[in-house]
Amino acid sequence: SKDRNGIEQVILRNNRGASARVSLHGGQVLSWKTERGEELLFTSSKAIFNPPKAVRGGIPICFPQFGNRGSLEQHGFARNRMWTIDKNPPPLPNESNAKPHIDLLLKPSEDDLKIWPHSFEFRLRVSLAAEGYLSIISRVRNVNSKPFSFSFAYHTYLSISDISEVRVEGLETLDYLDNLYQKERFTEQGDALTFESEVDRVYLDSCNTVAVLDHERKRTFVIRKDGLPDVVVWNPWEKKAKAVGDLGDEEYKQMLCVDGAAVEKPITLKPGEEWTGRLELSVVPST
Ligand code: TA6
């Protein structure tokens, strides 16, 4: 199907009615719904669905650079490019092709190679399991003759009821780089993370499971990851939300970014080598 700007999108639906929508622009998941049709990802009411800008919401892919840690545009160019449907993807070990899935491919254009001179093949698989969880697998292969390094994040906008009623578990005691304090390193004080003001952190060397508890909606997002050592946590809060043009002034209350990422230690690939980064999102009822 096509969106209002004629951008191709793919709808995945499992046999219980859960669904996901993926745009070929940016390879961006724009929607993930429960079998009851409840939207689980946040999209700003002021989102701009006009390439090359990435839609504010869903799960933008930050590649080959996370944030402003380098010479490229913020979060790299992958989220601002048209991807193609990968008709003949190399098989994914222990991934069943039975579940609804889409395979997308991004290769650098001549212009991309001018700003980032590293030939790569980025294969993205988005799939929806029978139980409704969303799985995203990124495979980046170095098809160049020299090694290259990149940083990466699945910039995941979770839809929540009220940011002041949310707790994040699984990051206790970790060190983090605080983007609000010149990316300096701090240590988390050992309890679940709650939110009273802007948070913009990269938690380091996290374990592979993080839980985001939405108290009001009595549900917990479970984020499982592999190949992604770090977790970015971002909420702009009131002042920053007003400064973000494609985010409603009050909407910071309904969103939280908890991103599987590889930021502190960029991934280095030798010629011919391939990296795999897996993210699995599920939502479970919680008391
Ligand atoms: O989540 C980390 C971060 O770099 C924040 O500092 C904020 O800029 C956010 O990403 C959104 O970035 P974007 O380029 O999508 O507006």
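One is the number of the first residue; the rest follow in order along the sequence. One-based numbering, in listed order, for ligands and for the atoms of each.
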Please work out which of the three classes, parallel, tilted or perpendicular, describes the rings of F77 and W116, given edges at 30° and 60°.
perpendicular
Would you call the rings of W237 and Y252 parallel, tilted or perpendicular if under 30° counts as parallel and over 60° as perpendicular?
tilted
Closer than 4.0 Å to some heavy atom of [X] - which atoms of ligand 1 meet that?
{"X": "R56", "answer": "11 (C), 13 (P), 15 (O), 16 (O)"}
{"X": "D200", "answer": "2 (C), 5 (C), 6 (O)"}
{"X": "Q74", "answer": "4 (O), 8 (O), 12 (O), 13 (P), 14 (O)"}
{"X": "N179", "answer": "6 (O)"}
{"X": "F66", "answer": "2 (C)"}

Under 4.0 Å from ligand 1, counting heavy atoms only, is it the side chain of [X], its backbone, both or neither?
{"X": "V244", "answer": "neither"}
{"X": "V232", "answer": "side chain"}
{"X": "R79", "answer": "side chain"}

Would F150 and F66 count as a close aromatic pair, with their ring centres under 6.0 Å?
no
Atom 3 (C) of ligand 1 - nearest protein heavy atom and its distance
H75 NE2, 3.8 Å
